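Notes for the one structure printed next.
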Amino acid sequence: MSQLRVGMDGAVATVLVDRPPVNALSTALLGELLAAFEALDRDPTVRCVVLSALGDRCFVAGADIREAAETPPDRASERTALGSQLMRRIESVAVPVVAAINGLCLGGGCELAMSADLRIASTSARFGQPEIRLGIMPGFGGTQRLPRLIGVGPALDLMLTGRDVDAAEALRLGLVSRVVAPEELQQEAASIAAEIAGRSATAVRSIKAAVRRGLDLPLDAGLSVEFELSNAVRTSADAAEGLRAFLEKRPPLFGQAPVRDRD
Ligand SMILES: CCCCCCCCCCCCC/C=C/C(=O)SCCNC(=O)CCNC(=O)[C@H](O)C(C)(C)COP(=O)(O)OP(=O)(O)OC[C@H]1O[C@@H](n2cnc3c(N)ncnc32)[C@H](O)[C@@H]1OP(=O)(O)O
């Protein structure tokens, strides 16, 4: 039975994890998530994705410990590789992914949240990389993404102590960009996604591409990526429409999403 609920609301796709009791990432669930994001990335009608989970107790409480304990050590790397591949694939989706963290976001769950482009949380959310408590370490990208998001010191604090932090501290650290009441979370995520989906798809995709490609580059090379993409956007039909609409004091009517040529 599927452990994901994938739906569409206009140009916004929603991916909800549904694997009680804690939405632990089993190999099967990792595979379902990978297939879902690959399908969404091929769908030109999708302009933004919201990733969340059902209920208000757990976003994702980590990789499945029970499955891990039953996994022979010589097979463990297959699960780690699949988890890491999923996080990288989410990052490479052409449109923005908004993670709406509705509860416990631990270990592989925090790594999943960090593969999204932006994260919002409910006041009941908690974040951590407690792998060290189990005698293992993050393996789905946490040691690489967490320092990039919150700095080396705070990242090592969380990974070496295994402590978790509440939503307020996650906001202060920069791990999330907004915190709202639990009952407001899904609506907040939906309105952020709808706002993004209503913008020029060409400009939205180019901004994400420039940020993602620039993260791994020296500044001058990153500026070249921005220059290339910014010029392409500037000469797009959406740019002409956007500038004209401003001068005519009316809302712009942006065009269809560009068909993505697989890189
Ligand atoms: C796990 C490693 C997998 C990879 C294989 C090894 C390769 C090594 C490389 C590692 C690469 C993987 C990268 C990711 C790793 C991880 O994510 S490790 C796991 C990180 N998460 C945690 O450590 C959280 C563990 N859970 C808890 O701390 C608590 O359960 C909770 C989430 C805070 C909830 O607590 P509480 O409300 O008290 O309920 P519990 O009774 O503890 O739990 C309820 C039931 O849920 C089960 N459960 C909880 N977490 C998990 C989980 N991560 N996987 C599977 N099952 C989980 C728990 O056992 C309870 O079940 P029952 O006893 O049957 O009721």
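We're numbering straight along the sequence, starting at 1. It should be emphasised that the depicted structure is a prediction, and the values quoted were computed from it without experimental measurement. Numbering of ligands and ligand atoms starts at 1, following listing order.
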Per-residue contact class, Ile136 against ligand 1 - non-hydrogen pairs under 4.0 Å: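 It is the side chain that touches ligand 1; the backbone stays farther off.
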Note: Ala61, heavy atoms under 4.0 Å from ligand 1, region reported as both
Residue [X] vicinity, atoms of ligand 1 by number, heavy atom under 4.0 Å:
| X | result |
| --- | --- |
| Leu134 | 18 (S), 19 (C), 23 (O) |
| Pro21 | 45 (C), 46 (O) |
| Met137 | 10 (C) |
| Gly108 | 14 (C), 16 (C), 17 (O) |
| Ala24 | 52 (C), 54 (N), 55 (C) |
| Arg66 | 59 (O), 61 (O), 62 (P), 64 (O) |
| Val22 | 46 (O), 48 (N), 49 (C), 50 (N), 51 (C), 57 (C) |
| Gly139 | 11 (C), 13 (C) |

Taking [atom] as the reference point, report whether a protein heavy atom occurs under 4.0 Å from it.
| atom | answer |
| --- | --- |
| atom 65 (O) of ligand 1 | no |
| atom 21 (N) of ligand 1 | yes |
| atom 29 (C) of ligand 1 | no |
| atom 26 (N) of ligand 1 | no |
| atom 18 (S) of ligand 1 | yes |
| atom 40 (P) of ligand 1 | no |
| atom 60 (C) of ligand 1 | no |

Less than 4.5 Å apart, side chain to side chain, heavy atoms only: is that true for Leu33 and Leu25?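 A side-chain contact exists here, since the closest heavy-atom pair is under 4.5 Å.
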Do Val98 and Val12 come close enough that some side-chain heavy atom pair is under 4.5 Å? no
[X] with [Y]: basic N within carboxylate O range, under 4.0 Å:
| X | Y | answer |
| --- | --- | --- |
| Asp216 | Arg88 | yes |
| Arg79 | Asp64 | no |
| Asp157 | Arg163 | yes |
| Glu228 | Arg213 | yes |
| Arg66 | Glu70 | no |

Measure from atom 37 (O) of ligand 1 to every heavy atom in Arg79, Glu67, Arg126, Arg57 and give the option owning the shortest one. Arg57
Nearest heavy atom to atom 54 (N) of ligand 1 wins, so pick from Leu104, Leu112, Leu25, Ile65.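 The nearest heavy atom belongs to Ile65.
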Side-chain donor or acceptor of [X] paired with backbone N/O of [Y] under 3.5 Å:
| X | Y | answer |
| --- | --- | --- |
| Arg133 | Gly162 | yes |
| Thr235 | Asn231 | yes |
| Glu188 | Ile120 | no |
| Asp18 | Leu54 | no |
| Ser84 | Thr80 | no |

Would you say Gly83 contacts ligand 1, with heavy atoms under 4.0 Å as the rule? no
Looking at ligand 1, would Thr71 count as a contact under a 4.0 Å heavy-atom criterion?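 No.
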Quick one: does Ala76 get an N or O within less than 3.5 Å of an N or O on ligand 1? no
I'd like to check whether Ala63 has a polar contact with ligand 1, where a contact means an N/O of the residue lying under 3.5 Å from an N/O of the ligand.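 Checking ligand 1 against Ala63, an N or O pair does fall under 3.5 Å apart.
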In the single-linkage hydrophobic clustering (I, L, V, M, F, W, Y; side-chain heavy atoms under 4.5 Å), do Leu229 and Leu217 co-cluster? yes
Do Leu158 and Ile136 land in one hydrophobic cluster if side-chain heavy atoms of ILVMFWY residues count as linked below 4.5 Å?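 In one cluster with Leu158: Ile136, no.
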For [atom], closest protein heavy-atom neighbour:
| atom | result |
| --- | --- |
| atom 1 (C) of ligand 1 | Ala68 CB, 3.6 Å |
| atom 9 (C) of ligand 1 | Thr80 OG1, 3.7 Å |
| atom 23 (O) of ligand 1 | Pro130 CG, 3.5 Å |

Are more than 12 heavy atoms from other residues, nucleotides or ligands located less than 6.0 Å from atom CZ of Arg75? no
